[in-house]
Amino acid sequence: MSACGKKNWIIPDCELPPEGEGALKGHESVIIVNDTDETATIKVKLFFTDKDPYCDVVWTVEPQRVKCFRMNNTEDMCGYTVPQETQYAMKIESSCKIIVQYGRLDNRQTNLAYYTTLGY
């Protein structure tokens, strides 16, 4: 059976919200499924409206595994601090086929919003 997914993904609408005041803290995350028999080495490029791209984030996901990366976790972002409340986009390039899902929890208002979407 062949692996699901593709090697190149774009998430065009990223924006790290502040944590907010609720029990559930505002955040963004990228969830990656590696349905192959090889380790996925994943290069992440962040695009901004007013500055050069940031390219020094590399993730790995072991074969036949799922892993969540949080944009507000500097360890997940290889030491980079993603600016809050700033529009950016993300390009994800993998060494093997993967599935990419993006999620954002934004609780800046009382009607908190959580949504997920597949990358393109």
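- Linking ILVMFWY side-chain heavy atoms closer than 4.5 Å, directly or via other members, places Phe47 and Tyr102 in two distinct hydrophobic clusters.
- For the salt bridge (Lys or Arg N to Asp or Glu O under 4.0 Å) test, residues two or more places apart in sequence or in another chain that qualify with Glu15 are Arg108.
- Scanning all heavy atoms of the two residues, the minimum distance from Leu16 to Tyr88 falls at N-CE2, 4.1 Å.
- With values rounded to the nearest 0.5 angstrom, Met71 atom CE is found 6.5 Å from Asp76 atom CG.
- Interatomic distance, Lys91 NZ to Asn8 CG, rounded to the nearest 0.5 Å: 6.0 Å.
- Here the CG-CD distance, from Asp37 to Glu62, works out to 12.5 Å after rounding to the nearest 0.5 Å.
- For Gln64 (side chain) and Thr36 (main-chain N/O), a donor-acceptor pair under 3.5 Å exists by modelled atom type.
- Other residues, nucleotides and ligands contribute at most 12 non-hydrogen atoms within 6.0 Å of the CD atom of Glu75.
- Atom CD1 of Ile32 and atom CZ of Phe69 lie 5.0 Å apart (nearest 0.5 Å).
- Closest approach of Asn34 and Ala40 over heavy atoms only: ND2-N, 3.4 Å.
- Closest non-hydrogen pair, Ser29 versus Cys68, comes out as CB-SG, 3.7 Å.
- Considering every non-hydrogen atom in both Thr86 and Pro83, the closest pair reads OG1-CB, 3.7 Å.
- Of all the heavy atoms in Pro17 and Glu28, the pair that sits closest is CD-CG, 4.1 Å.
- For the residue pair Gln87 and Thr49, no side-chain donor N or O sits within less than 3.5 Å of a side-chain acceptor on the partner.
- For the pair Ile98 and Val61, the minimum side-chain heavy-atom distance is 4.5 Å or more.
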Kindly indicate, with the supporting measurements, whether the criterion side-chain contact (heavy atoms from CB on, under 4.5 Å) is fulfilled by His27 and Asn73. CA-CA 9 Å; His27 69 274; Asn73 181 331; over 6 Å; no
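- Follow the hydrophobic side-chain contacts under 4.5 Å out from Ile92 and you reach Phe48 in the same cluster.
- Residue Arg104 comes nearest to Asp13 through the heavy atom pair NH2-O, 2.7 Å, listed as atom of the first residue, atom of the second, then distance.
- Annotation: the span from Trp59 atom CH2 to Thr41 atom OG1 amounts to 13.5 Å, rounded to 0.5 Å.
- At a threshold of 4.5 Å between non-hydrogen side-chain atoms, the residues Pro18 and Glu85 count as touching.
- Considering only heavy atoms from C-beta on, Asp35 comes within 4.5 Å of Cys4 through its side chain.
- Between the CD1 atom of Ile31 and the CG atom of Leu118 there is a distance of 10.0 Å, given to the nearest 0.5 Å.
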Intermediate values then yes/no, side-chain contact (heavy atoms from CB on, under 4.5 Å), Trp9 and Ile42: CA-CA 11 Å; Trp9 295 83; Ile42 301 156; over 6 Å; no
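- Considering only heavy atoms from C-beta on, Thr39 comes within 4.5 Å of Pro63 through its side chain.
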